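The block underneath contains the structure these notes are about, expressed in structure tokens.
Because only heavy atoms are used, hydrogens play no part in the values below, and waters and symmetry mates are left out as well, while side chains stay in. Bear in mind the structure is a predicted one, so any value in this text is a computation, not a measurement.
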Amino acid sequence: MSDLLKLIGYPVSFILIGYGAMTILGGHITPGGGFQGGAMMASGAILSVITYGLKDNPFNFSHERMSVIESLGALSYVFLGLCGLLLGGSFLYNSGTDLYGKLPAGISTLFNYPDALHAGIIPYLNIVVGLKVFIGLTTIVLLFYGVTKLSSDYIDDEEID
């Protein structure tokens with residue numbers, strides 16, 4: 001890639017990741033949320049991969065790190081859903097707001113997000129979904145990039161022979 005693209009691509013990818021994080025954290029009171037913010041964050045990472053390649057990428061996309069983050073996101077989603085199931089009687093019951101008055105006051109304050117609108121577990125779900133989408137979309141692009149890189153290397157080797 002050109003030097004100009006490498007010079008601009010790195011700061012723009014940080015801006016995209018930051019804007020995605022802002023969308024995730026404000027998703028319970030504004031349009032957007034976990035999926036949209038995760039897709040924005042993935043676009044920043046994808047821009048970095050396309051600009052620098054897999055080996056020279058400034059972000060460390062190791063398999064272990066990505067699998068830990070994705071597993072953490074999935075387990076956290078299930079944990080929040082089970083908390084709603086055990087405490088409120090239905091999966092993903094919003095334990096922080098307690099709309100139907102099913103929970104004791106001590107348990108509902110545990111998940112009470114410090115916000116004027118009392119969103120309950122929704123911000124936490126946005127964070128977890130954002131992590132899953134970010135890592136999932138980035139993984140798909142990394143796999144496609146690696147496969148096309150390997151196939152183009154194979155085709156180049158065939159042409160030499």
Side-chain angles (χ1 to χ4, degrees), residues 1-84 91-92 94-96 110-117 119-161:
M1 288 290 159
S2 70
D3 292 335
L4 180 63
L5 187 58
K6 288 184 179 182
L7 179 70
I8 294 173
Y10 192 58
V12 169
S13 52
F14 269 112
I15 290 170
L16 285 171
I17 289 173
Y19 188 62
M22 185 181 73
T23 303
I24 289 171
L25 294 176
H28 63 287
I29 56 174
T30 60
F35 185 83
Q36 292 86 348
M40 287 181 212
M41 291 173 70
S43 68
I46 292 166
L47 174 66
S48 179
V49 167
I50 291 172
T51 304
Y52 291 97
L54 288 175
K55 292 182 181 176
D56 299 332
N57 193 353
F59 299 110
N60 185 9
F61 292 121
S62 67
H63 176 70
E64 294 83 19
R65 181 176 292 162
M66 292 178 74
S67 65
V68 164
I69 292 172
E70 189 164 11
S71 300
L72 179 71
L75 288 174
S76 300
Y77 187 85
V78 170
F79 173 74
L80 288 171
L82 289 177
C83 284
F91 191 74
L92 289 176
N94 198 351
S95 304
L110 178 68
F111 290 109
N112 193 3
Y113 190 75
D115 190 272
L117 299 177
I121 64 169
I122 302 301
Y124 304 114
L125 287 173
N126 280 339
I127 291 169
V128 168
V129 169
L131 283 175
K132 282 287 293 172
V133 170
F134 168 55
I135 295 298
L137 290 177
T138 305
T139 302
I140 290 170
V141 170
L142 286 175
L143 288 174
F144 283 153
Y145 187 82
V147 167
T148 57
K149 187 75 172 158
L150 287 174
S151 65
S152 66
D153 290 345
Y154 178 74
I155 291 171
D156 292 341
D157 289 341
E158 289 293 320
E159 291 174 1
I160 293 173
D161 293 338

[Y] side chain reached by [X] side chain, heavy atoms, under 4.5 Å:
| X | Y | answer |
| --- | --- | --- |
| V133 | V129 | yes |
| V128 | Y124 | no |
| L54 | Y145 | yes |

For the [atom1] atom of [X] and the [atom2] atom of [Y], what is their distance to the nearest 0.5 Å?
| X | Y | atom1 | atom2 | answer |
| --- | --- | --- | --- | --- |
| L142 | H63 | CG | NE2 | 11.5 Å |
| Y52 | L47 | OH | CG | 9.0 Å |
| I17 | M22 | CD1 | CE | 14.0 Å |
| S48 | D56 | OG | CG | 10.5 Å |
| T138 | L143 | OG1 | CG | 11.0 Å |
| I121 | N126 | CD1 | CG | 10.5 Å |

Minimal non-hydrogen separation, [X] against [Y], with atom names:
| X | Y | value |
| --- | --- | --- |
| T23 | Q36 | CG2-CB, 4.4 Å |
| M66 | I135 | O-CG2, 3.5 Å |
| T51 | K6 | CG2-CA, 3.6 Å |
| A42 | F134 | N-CD1, 3.4 Å |

Item to complete: Would you indicate whether Y19, at its atom OH, is surrounded by more than 12 heavy atoms from other residues, nucleotides or ligands within a distance under 6.0 Å?
Response: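 Not more than 12 within 6.0 Å, no.
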Discussion item. Can a donor-acceptor pair be found, under 3.5 Å and without considering hydrogens, that links the side chain of S13 to the backbone of Y10?
Written reply: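 Between the backbone of Y10 and the side chain of S13 there is a qualifying donor-acceptor contact (under 3.5 Å).
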Item to complete: Quick one: list whatever passes side chain to side chain contact (heavy atoms under 4.5 Å, CB included) with I127, sequence neighbours left out.
Response: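 I127: side chain to side chain contact (heavy atoms under 4.5 Å, CB included) contacts with I24, L25.
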Worksheet entry | Non-neighbouring partners of S43 that pass side chain to side chain contact (heavy atoms under 4.5 Å, CB included), sequence neighbours left out |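 With sequence neighbours excluded, S43 shows a side chain to side chain contact (heavy atoms under 4.5 Å, CB included) to L16, given in chain and number order.
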Worksheet item: Using the ring of each side chain (for Trp, its six-membered ring), is F59 parallel, tilted or perpendicular to F61, with breaks at 30° and 60°?
Response: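 Tilted: the ring planes of F59 and F61 meet at 30° to 60°.
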Item to complete: Before giving the answer on side-chain contact (heavy atoms from CB on, under 4.5 Å), spell out for I50 and I46 the whole-Å C-alpha distance, their side-chain angles and the decisive distance to 0.1 Å.
Response: CA-CA 6 Å; I50 291 172; I46 292 166; 3.7 Å; yes
